[in-house]
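Have a look at the structure below, then the notes.
Atoms within a ligand are numbered from 1 in the order they appear, just like the ligands themselves.
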Amino acid sequence: MQKIIIGNWKMYPTLSDTSVLAASLRTSLDTIKGAEIVIAPPTAWLLHVMDIWKTRPGHVHFAVQNIWSDDQGAYTGEISAYMLKDLVGYAIIGHSERRQYQKEESEMLSEKIKACLKWKIKPILCVGETKKVIEDGKVNSYQWSKLSEQLEDGLEGISKDMIENVIIAYEPVWAIGTSNPATPEYTAEVVKKMRALLAEKYGEKTVEELPFLYGGSVSAHNAGDYLRNPEIAGLLVGGASVKAKDFTEICQIASRVNH
Ligand code: PGA
């Protein structure tokens with residue numbers, strides 16, 4: 001399976017930064033083969049980025065950083081999966097920054113996931129604990145209960161057929177935007193625990209194929225270590241995704257790693 005690399009531009013680039021970044025990435029990413037690359041610009045710049053990328057190769061996709069679950073209506077400031085369905089193939093759902101600042105909760109997130117699936121947008125459900133789930137070989141039961149709750153509640157009402165189009169991004173909150181990423185070994189251990197939990201609901205075979213990405217202080221320097229781990233299907237990259245050289249390097253590493 002090809003590795004998936006998602007660049008979450010967050011609220012970083014201005015319109016003029018976006019022009020420079022998108023033009024540069026277009027030149028460097030279009031020729032990469034063997035990796036699925038997804039760019040998530042601020043929604044306001046989405047059409048501008050798409051305009052720069054007029055003739056897009058099959059491995060480059062676009063995402064939004066959030067959606068609203070209803071199709072249309074009086075929801076000031078929001079944009080729906082229905083409105084975005086012809087523009088993007090992916091949507092980031094429940095990023096920890098939205099959970100923290102917009103107080104997004106699991107019930108709302110499972111509705112967002114359903115809306116994405118209804119309109120054939122692949123949801124990327126973000127989950128992550130605030131402190132290590134496993135330390136010195138011991139499971140922190142409070143942190144694990146929080147993490148498993150995010151996973152189970154976020155996927156409430158998602159059937160076995162539907163889960164095939166869902167991506168999970170494991171992003172430990174303590175590792176985001178720091179120089180303290182979770183190690184690939186730690187990540188793999190937690191991912192295995194999450195798979196075991198979901199296997200109870202979806203069956204082992206389905207869960208084996210479910211892509212789990214890692215996110216949190218990924219750089220061109222450490223990307224290969226995650227991507228070589230068979231438990232990790234790809235990366236959700238924040239800060240390094242708005243640096244054209246670094247993001248290109250991460251995508252190149254992904255294109256060379258195949259399991
Ligand atoms: P970071 O962000 O790579 O800057 O740590 C990752 C994320 O929040 O998705």
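- Atom NE2 of residue His95 and atom CD of residue Glu171 lie 4.5 Å apart, to the nearest 0.5 angstrom.
- Pro211 pairs by the side-chain contact (heavy atoms from CB on, under 4.5 Å) definition with Ile4, Ile167, Ala233, not counting sequence neighbours.
- Lys201 has no carboxylate O lying under 4.0 Å from a charged side-chain N of Glu152, or vice versa, which leaves the two without a salt bridge.
- Close contacts of ligand 1 with Gly216, meaning ligand atoms under 4.0 Å from a residue heavy atom, involve 5 (O).
- Between Gly239 and ligand 1, at least one pair of N/O atoms sits closer than 3.5 Å.
- Backbone and side-chain nitrogen or oxygen atoms of Gly238 are examined, and one is located within less than 3.5 angstrom of a nitrogen or oxygen of ligand 1.
- Applying the 4.0 Å criterion to heavy atoms of His95 picks out, from ligand 1, the atoms 7 (C), 8 (O), 9 (O).
- Inspection of the Glu129 and Trp174 side chains reveals an N or O donor paired with an N or O acceptor under 3.5 Å.
- Salt bridge annotation for Glu111-Lys114: present, with a cationic side-chain nitrogen under 4.0 angstrom from a carboxylate oxygen.
- For residues 242-257, every residue pair satisfying the side-chain hydrogen bond (donor to acceptor under 3.5 Å, both in side chains) rule, not counting sequence neighbours, is listed here: Ser28-Thr248.
- Looking at Asn8 against ligand 1, only its side chain comes within 4.0 Å, counting heavy atoms.
- An N or O contact shorter than 3.5 Å is missing between Tyr12 and ligand 1 by distance.
- Using a non-hydrogen distance threshold of 4.0 Å, Ala240 does not register as a contact of ligand 1.
- Protein heavy atom nearest atom 2 (O) of ligand 1, with residue, atom name and distance: Lys10 NZ, 3.2 Å.
- Aromatic rings of Tyr170 and Phe212 (six-membered ring for Trp) have centroids beyond the 6.0 Å cut-off, not under it.
- Residue Glu171 approaches ligand 1 through these ligand atoms, each under 4.0 Å from one of its heavy atoms: 6 (C), 7 (C), 8 (O), 9 (O).
- Considering backbone and side-chain N/O atoms, Ile176 never comes within less than 3.5 Å of an N/O atom of ligand 1.
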